[in-house]
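All remarks here apply to the structure that follows.
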Amino acid sequence: MYKVRAYSAESSESDLSPVTIERRNLEDTDVQMEILYCGICHSDLHQLKNDFGVTVYPIVPGHEIVGRITKIGPKVTKFKLGDLAAVGCIVDSCGKCEYCESNLEQFCDEGAIFSFNSPDKHTGGVTFGGFSDSYVCDEKYVFHMPESLDPAAGAPLLCAGITVYSPLKHWQAGSGKKVGILGIGGLGHVAIKMAKAMGAHVVVFTSSPSKIEDAKRLGADEAVLSTDADQMNKYARGLHLILDTVSAKHDVNTYLNLLRHDGSVVLVGLPPEPLEVGAFSVVSGRRSFSGSNIGGIAETQEMLDFCAERNITAEIELIKIQEVNKAMERLEKGDVKYRFVIDMASLKYE
Ligand code: NAP
Ligand code: ZN
Ligand code: ZN
């Protein structure tokens with residue numbers, strides 16, 4: 001084991017504060033990276049606050065990790081020292097179930113191991129995330145970060161990016177499709193860029209009047225204020241697919257009613273409370289209410305390469321780790337355009 005600087009929280013009420021944690025020594029196919037940047041996802045905030053009732057404290061969040069390879073195990077083949085690399089949500093899985101064999105590690109029968117707050121078979125504790133200066137991971141779960149992308153603005157692709165890319169691809173967002181994006185936060189603003197790059201006609205639904213113009217700047221064809229019933233009525237039965245990225249409880253029936261027949265509302269947001277679906281919202285028009293969870297390892301690399309070809313990254317506010325508690329407060333209030341990313345060099349001054 002070796003010592004690493006990190007930021008952790010002791011309970012759902014505590015702030016994040018500097019600590020020293022331990023990472024495992026490298027095994028044969030492990031790589032070690034110096035973390036350069038780490039994004040702040042709303043899931044980090046949900047877990048810090050124990051919104052899902054499963055958080056193990058102390059918790060070190062962070063799962064949008066970009067860094068440079070600093071050490072490699074003797075059997076590593078994918079990476080060499082100095083490579084720009086990235087780690088996202090998944091850092092281990094059984095590797096042999098039908099899901100792992102189909103590149104759907106996120107649905108692994110034994111449960112995918114996440115980069116933070118998951119059981120860590122190497123240490124016997126829980127995994128500690130990217131709010132730290134170093135990470136160790138089996139190379140199988142590590143990505144080549146395209147050098148052409150800005151590494152700070154590219155970090156949010158590791159969770160926000162794959163979480164929206166995977167369902168947009170699965171539900172065939174593309175030319176001839178009208179795709180709704182619900183909520184313009186970290187996930188939603190990247191989804192606008194990706195759906196547009198896939199060739200879809202993109203309609204954004206936001207509860208924030210200040211984001212209407214921004215949505216168009218980000219590439220949306222149309223932007224709708226979801227609190228304005230007249231504007232909303234114009235889209236009734238008009239969309240093939242709606243990607244729902246909202247992080248809090250909301251009425252999904254409103255959006256199911258904006259679908260054409262056979263259309264789907266796909267939930268990727270994780271409101272902690274159950275959502276109600278009215279029978280007529282789905283039986284009318286044979287509509288579906290469904291969901292999607294991050295994406296597999298191969299698909300994440302595919303997404304990074306897709307973004308590199310089109311120069312798609314997030315719009316970020318780069319912060320120092322010493323500002324992380326303030327950033328969490330602002331994220332809770334929806335006051336970020338559109339992703340906080342921590343410049344991990346700031347941790348060196350602790
Ligand atoms: P975020 O940056 O906070 O964005 C969430 C957006 O939802 C806000 O910007 C806001 O958009 C909208 N919103 C928030 N509260 C609302 C309310 N009460 N009513 C209506 N709209 C509201 O969060 P994020 O990082 O994009 O994450 C979004 C959600 O996805 C979180 O729940 C996160 O945990 C989850 N997530 C899931 C996965 C997965 O694999 N399924 C992966 C990553 C994240 P407007 O201002 O435009 O209305
Ligand atoms: Zn996330
Ligand atoms: Zn598996």
Side-chain angles (χ1 to χ4, degrees), residues 38-49 51-52 61-65 88-90 92-117 129-130 155-167 181-192 204-212 214-215 218 220 223-227 243-252 254-255 266-273 275 290-297 300 314-317 327-328 330-340:
C38 186
I40 304 182
C41 173
H42 206 113
S43 299
D44 293 315
L45 181 58
H46 284 310
Q47 294 275 20
L48 274 171
K49 300 289 167 207
D51 282 349
F52 309 128
H63 55 280
E64 294 181 334
I65 304 167
C89 305
I90 302 173
D92 206 358
S93 64
C94 86
K96 50 186 193 298
C97 71
E98 67 174 290
Y99 298 104
C100 286
E101 286 192 340
S102 324
N103 297 319
L104 293 167
E105 295 87 353
Q106 70 272 35
F107 307 131
C108 173
D109 268 342
E110 291 183 17
I113 303 299
F114 297 110
S115 34
F116 75 106
N117 202 52
L157 297 175
L158 275 304
C159 176
I162 184 59
T163 300
V164 299
Y165 178 86
S166 184
I181 306 294
L182 173 51
I184 317 180
L187 269 56
H189 90 287
V190 174
I192 298 173
V204 164
F205 298 92
T206 177
S207 62
S208 308
S210 71
K211 295 183 186 170
I212 293 280
D214 253 6
L218 292 163
V224 183
L225 190 60
S226 55
T227 49
L243 192 63
D244 180 345
T245 76
V246 173
S247 53
K249 187 159 186 178
H250 58 289
D251 179 17
V252 294
T254 309
Y255 297 94
V266 179
L267 185 70
V268 287
L270 299 171
E273 306 84 5
L275 303 172
S290 39
S292 184
N293 198 26
I294 48 175
I297 297 302
T300 302
E315 313 250 316
I316 64 161
E317 198 175 317
M328 290 293 178
R330 286 183 49 198
L331 181 59
E332 194 152 31
K333 288 191 246 151
D335 175 23
V336 51
K337 288 185 174 168
Y338 284 93
R339 197 59 139 194
F340 288 115

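Just follow the structure's listing: the first ligand is 1, and inside any ligand the first atom is 1.
Proximity annotation for atom 7 (O) of ligand 1: of N293, D251, V246, V246 comes nearest, heavy atoms only.
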Full working for side chain to side chain contact (heavy atoms under 4.5 Å, CB included) between I212 and T206: CA-CA 7 Å; I212 293 280; T206 177; 3.8 Å; yes
S226 vs H250, side chain to side chain contact (heavy atoms under 4.5 Å, CB included): CA-CA, chis, key distance, verdict: CA-CA 11 Å; S226 55; H250 58 289; over 6 Å; no
Steps toward side chain to side chain contact (heavy atoms under 4.5 Å, CB included) verdict (L275, L267): CA-CA 10 Å; L275 303 172; L267 185 70; 3.9 Å; yes
F114 vs H63, side chain to side chain contact (heavy atoms under 4.5 Å, CB included): CA-CA, chis, key distance, verdict: CA-CA 8 Å; F114 297 110; H63 55 280; over 6 Å; no
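Taking the six-membered ring for Trp and thresholds of 30 and 60 degrees, Y99 and F107 have ring planes more than 60 degrees apart, a perpendicular arrangement. Using a 30° and 60° split on the angle between ring planes, Y338 and H189 fall in the parallel class, below 30°.
C100 contributes SG and C94 contributes SG; the angle these two atoms make at the Zn ion (ligand 3) is 110°, rounded to 10°.
Residue, atom and distance of the protein heavy atom nearest to atom 44 (C) of ligand 1 are S43 OG, 3.3 Å. Remark: minimum distance from atom 46 (O) of ligand 1 to any protein heavy atom is reached at S208 OG, 2.5 Å. With respect to atom 3 (O) of ligand 1, the closest heavy atom belonging to the protein is H42 ND1, 2.7 Å. Atom 30 (O) of ligand 1 has its closest protein heavy atom at G269 CA, 3.3 Å. Given atom 14 (C) of ligand 1, the protein heavy atom at minimum distance is S247 OG, 3.6 Å. Protein heavy atom closest to atom 4 (O) of ligand 1, with residue, atom name and distance, is G185 CA, 3.3 Å. Looking from atom 40 (O) of ligand 1 to the surrounding protein, the closest heavy atom is I294 N, 2.7 Å. Closest to atom 48 (O) of ligand 1, if we only count protein heavy atoms, is S207 OG, 2.6 Å.
For ligand 1, the atoms closer than 4.0 angstrom to any heavy atom of G183 are 11 (O), 47 (O). Those atoms of ligand 1 with a heavy atom of S292 less than 4.0 angstrom away are 41 (N). Distances below 4.0 Å separate heavy atoms of C159 from the following atoms of ligand 1: 42 (C), 43 (C). Of all the atoms in ligand 1, the ones that sit under 4.0 Å from a non-hydrogen atom of T206 are 45 (P), 46 (O), 47 (O), 48 (O). Heavy-atom contacts of A248 reach the following atoms of ligand 1: 15 (N), 18 (N) (cutoff under 4.0 Å). Ligand 1 places these atoms under 4.0 Å from at least one heavy atom of K211: 9 (O), 11 (O), 45 (P), 46 (O), 47 (O). For ligand 1, the atoms closer than 4.0 angstrom to any heavy atom of V268 are 30 (O), 35 (C), 36 (N), 37 (C), 38 (C), 39 (C), 41 (N).
The shortest heavy-atom distance from G334 to ligand 1 is not under 4.0 Å. Ligand 1 lies nowhere less than 4.0 angstrom from a heavy atom belonging to G291. Put simply, part of C41 is less than 4.0 Å from ligand 1, judged by heavy atoms. Look at R339 and you'll find a heavy atom under 4.0 Å from some atom of ligand 1.
The part of H46 lying near ligand 1 is the side chain, judged by heavy-atom distances below 4.0 Å.
Between the side chain of S102 and the backbone N or O of E98 there is at least one donor-acceptor pair closer than 3.5 Å. Here the side chain of R330 pairs a donor or acceptor atom with the backbone of D335 at under 3.5 angstrom. Proximity of a side-chain donor or acceptor of S115 to a complementary backbone N or O of G88 within less than 3.5 Å is detected.
R339 pairs with exactly one of H42, E315, E64 by the side chain to side chain donor-acceptor pair (under 3.5 Å) rule, that one being E64. Checked against L187 for a side chain to side chain contact (heavy atoms under 4.5 Å, CB included), the options V164, I181, L182, V246 give a single hit: V164. Tested against T163, the residues I294, T245, L243 include a single side chain to side chain contact (heavy atoms under 4.5 Å, CB included) partner, I294.
At least one N, O or S atom of C41, from either the backbone or the side chain, sits less than 2.8 Å from the Zn ion (ligand 2). At a cut-off of 2.8 Å, C159 is counted among the residues with an N, O or S atom near the Zn ion (ligand 2).
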